Amino acid sequence: MTAYLAFITLFLGLVAGPQPLKLQVNDAVKSVKVVLDGETVATLRGAPWQTVIDFGPELKPRRLTAIAYDAKGEELSRESQLVNVARPSAEVGIALARADKGPGYVARLRWQHLTSERVTNMDAYLDGKPVTVDEPTRTIRLPKLNMKTIHILGARLSFADGTIAGREIVFGGEVVDEAATELTGIAVEQRTASRSDGCLQLEGAPVHVAAVERTRGLVAFVRDSDPTQVSRRLITGKSGSLVTRLPHAFTIPDTALQLFWTVPEEVPTSATTVSEVFGHSVAFDGGNTALGTLSLLARASGPDVRKAPRRADAVAAAAVHALRGGRRRAVVLVLGDDVSDASRHTPATVRRYLQSIGVPFFVWSVAGKTPELEATWGPIEDISSPPALQYATERLRKALERQRIAWVSVDPIAALQVTATADCAYVPIARR
């Protein structure tokens with residue numbers, strides 16, 4: 001019998017502390033070892049194949065691995081998922097098992113969407129040919145197969161919000177594997193050193209760099225939904241004349257600007273406890289004079305909410321969003337008079353997390369600098385006047401201009417451990 005092991009719990013959101021974990025296996029599997037970052041944290045020896053994993057108090061990029069064994073203790077298969085890194089908003093899994101009735105095999109589909117959007121369409125194929133999905137049971141009854149040869153089974157799901165997610169498994173010939181490609185974009189800073197070949201390394205060995213690009217940028221601004229605290233200081237008669245005299249003072253060319261709100265959205269009750277979503281605006285063109293940082297921060301408003309703000313948590317969520325798509329990136333927290341925070345994570349924890357995933361972080365305050373603010377958030381930039389905002393925007397613009405995306409042939413967790421030699425033209429932004 002071909003062994004199969006799959007995660008039922010998919011950690012698509014930010015994860016810390018104790019979290020429930022559920023696995024699915026078939027009869028060939030007699031025990032499962034659960035490994036977190038190379039350390040065994042649980043051993044399961046029968047149904048129900050579930051446990052609780054403690055991810056610790058810090059937000060960290062993690063690798064969670066489940067390893068299946070037979071009755072003799074020999075490894076049959078393994079599956080991993082990456083936690084607290086950029087992942088799609090929906091993921092699909094395929095569990096292969098013997099049919100309950102009759103010969104042959106049945107594949108069961110499982111999926112998870114960050115906000116529990118409904119599935120609008122399912123397609124599946126076996127060795128390149130379409131096969132039928134029984135939607136009520138989420139199963140695919142496979143035809144009679146020669147299990148001594150390799151087969152490829154794939155599924156593609158469309159969700160109501162337009163998200164498309166798919167997965168392929170390779171089985172037969174004593175193999176069960178999930179097809180994947182490993183090419184990860186990491187943020188690097190360009191410096192004056194000239195060497196670029198073989199100078200990015202992982203544990204002392206050069207890593208293959210497919211390309212280094214100046215991609216389009218994204219700046220995620222975290223700000224309360226109500227822009228009043230910002231606009232009452234920045235939108236004045238003087239600010240209008242400043243914009244007229246310096247039309248590009250608040251623009252960031254070739255960069256999208258997006259606002260994230262500080263209160264999480266309500267998600268359907270069927271969503272898992274590890275999924276949490278902070279709403280955001282559409283992305284604005286940062287090179288558009290009318291939609292530069294001044295206009296974006298002082299005028300754009302979000303949903304009317306009455307809950308306590310969770311600024312640090314929103315910063316972490318915005319950073320993960322900024323990682324997607326291989327873009328030059330930064331996160332800016334904008335503070336007003338109200339600096340209260342009901343976050344689950346401390347500002348210091350979130351700062352360390354953004355440093356570990358390579359997302360530059362800036363804190364701007366329309367109320368000016370205070371020792372208390374800097375003790376909480378670290379360095380603060382005063383944007384209490386249009387000229388001050390102009391200066392902060394210029395610093396942000398220059399930081400993005402130095403940034404590049406290096407595409408390296410390692411997985412997202414290993415990519416965060418890449419370092420540079422002293423004479424390298426590029427330095428990874430992520431720091432351990």
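Counting from 1, the numbers follow the sequence of the chain as shown. Just so we're clear, the structure is a prediction, and the values are computed from it rather than from any experiment.
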Considering only heavy atoms from C-beta outward, does the side chain of [X] approach that of [Y] to under 4.5 Å?
X    : Y    : value
V320 : V85  : no
T262 : R223 : no
V133 : T139 : no
W364 : L335 : no
H208 : V410 : no
Q258 : L218 : yes
L10  : Q81  : yes
T43  : V32  : no

Exam field: side chain [X] to backbone [Y], donor-acceptor pair closer than 3.5 Å:
X    : Y    : result
H321 : A86  : no
S365 : A367 : yes
R329 : R327 : yes
R344 : D313 : no
S343 : A312 : yes
T215 : R328 : yes
Q229 : D338 : yes
R351 : Y353 : no
T9   : K22  : yes
S281 : L259 : yes

- [ ] Decide, yes or no, whether a salt bridge links D254 with R216 under the criterion of side-chain N to carboxylate O below 4.0 Å.
- [x] yes
Open item on the list: Check R214 with E401, please: is the shortest side-chain N to carboxylate O separation under 4.0 Å?
Closed with: yes
Can you tell me how far [atom2] of [Y] sits from [atom1] of [X], rounded to the nearest 0.5 angstrom?
X    : Y    : atom1 : atom2 : value
L76  : N26  : CG    : CG    : 8.5 Å
L373 : K369 : CG    : NZ    : 11.0 Å
T184 : L82  : OG1   : CG    : 8.5 Å
L23  : L5   : CG    : CG    : 6.0 Å
L44  : W49  : CG    : CH2   : 6.5 Å
T255 : Q403 : OG1   : CD    : 9.5 Å

Nearest heavy-atom pair of [X] and [Y]: which atoms, and what distance?
X    : Y    : value
I383 : A392 : CG2-CB, 3.7 Å
A314 : V222 : CB-CG1, 3.8 Å
I357 : N84  : CG2-O, 4.2 Å
A220 : A318 : CB-CB, 3.9 Å
V188 : P428 : CG1-CA, 3.8 Å
A155 : L109 : CB-CD2, 3.7 Å

TODO: Can you establish whether the number of heavy atoms outside R299 located under 6.0 Å from its atom CZ is more than 12?
DONE: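 For R299, atom CZ is not crowded (no more than 12 foreign heavy atoms under 6.0 Å).
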Task: CZ/R395: more than 12 non-hydrogen atoms of other groups inside 6.0 Å - done: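 Counting other residues, nucleotides and ligands, CZ of R395 stays at 12 neighbours or fewer.
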Open item on the list: Show, in sequence, the C-alpha distance, side-chain angles and deciding distance for E135 and R138, and conclude whether the salt bridge (Lys or Arg N to Asp or Glu O under 4.0 Å) test is met.
Closed with: CA-CA 5 Å; E135 296 191 12; R138 304 181 179 184; over 6 Å; no
Task: Lys NZ or Arg CZ of R310 over W261 ring: under 6.0 Å, within 45° - done: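 No, cation not above the ring by the 6.0 Å, 45° rule.
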Task: Working for side-chain contact (heavy atoms from CB on, under 4.5 Å), residues L200 and C424 - done: CA-CA 7 Å; L200 291 181; C424 193; 4.1 Å; yes
Side chains of residues 58-71: which donor-acceptor pairs under 3.5 Å do they make with residues two or more places apart or in other chains?
unit_1, atom_1, unit_2, atom_2, d
E58, OE1, R352, NE, 3.2
E58, OE2, R352, NH2, 2.6
R62, NE, D37, OD2, 2.4
R62, NH1, F55, O, 2.7
R62, NH2, D37, OD2, 3.3
R63, NH1, D411, OD2, 3.3
R63, NH2, D411, OD1, 3.2
R63, NH2, D411, OD2, 3.1
T65, OG1, S80, OG, 2.7
D70, OD1, K72, N, 2.9
D70, OD1, G73, N, 3.0
D70, OD1, E74, N, 2.9

Open item on the list: side-chain contact (heavy atoms from CB on, under 4.5 Å) for V332 and V219? Distances and angles first, verdict last.
Closed with: CA-CA 7 Å; V332 180; V219 181; 3.8 Å; yes
- [ ] Taking atom types as modelled, find out whether Q190 and R404 have a side-chain donor-acceptor pair closer than 3.5 angstrom.
- [x] yes
Open item on the list: Do W407 and E213 pair up side chain to side chain, a donor and an acceptor below 3.5 Å, judged on atom types alone?
Closed with: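 Checked: W407/E213 side chains pair up, N/O donor to acceptor below 3.5 Å.
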- [ ] Decide side-chain contact (heavy atoms from CB on, under 4.5 Å) for R110 and I8; before the verdict, give the C-alpha distance in whole Å, the side-chain angles of both, and the deciding distance to 0.1 Å.
- [x] CA-CA 7 Å; R110 56 183 172 83; I8 298 299; 3.7 Å; yes
- [ ] Could you tell me which residues satisfy ring-ring contact (aromatic ring centres under 6.0 Å, His included) with H345, sequence neighbours excluded, listed by chain and number?
- [x]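 Partners of H345 under the ring-ring contact (aromatic ring centres under 6.0 Å, His included) test: none.
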Task: Partner residues of F362 under the ring-ring contact (aromatic ring centres under 6.0 Å, His included) criterion, sequence neighbours left out - done: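 F362 satisfies ring-ring contact (aromatic ring centres under 6.0 Å, His included) with no other residue.
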Open item on the list: Determine whether S158 and T120 satisfy the following criterion, side chain to side chain donor-acceptor pair (under 3.5 Å), listing intermediate values before the conclusion.
Closed with: CA-CA 6 Å; S158 300; T120 57; 4.9 Å; no
TODO: Begin with the C-alpha distance, continue with both residues' side-chain angles, and end with the deciding distance and a verdict on side-chain contact (heavy atoms from CB on, under 4.5 Å) for Q19 and V52.
DONE: CA-CA 5 Å; Q19 299 288 347; V52 174; 5.9 Å; no
TODO: Could you note down all residue pairs passing ring pair (Phe, Tyr, Trp, His ring centres under 6.0 Å) where residues 409-432 supplies at least one of them, sequence neighbours left out?
DONE: none
Task: Those residues that, when tested against P130, pass side-chain contact (heavy atoms from CB on, under 4.5 Å) (two or more places apart) - done: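 Scan of P130 (side-chain contact (heavy atoms from CB on, under 4.5 Å), adjacent residues dropped) gives none.
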Open item on the list: So, using side-chain contact (heavy atoms from CB on, under 4.5 Å) as the criterion, who are the partners of V41 when residues are at least two apart?
Closed with: V34, L36, I53
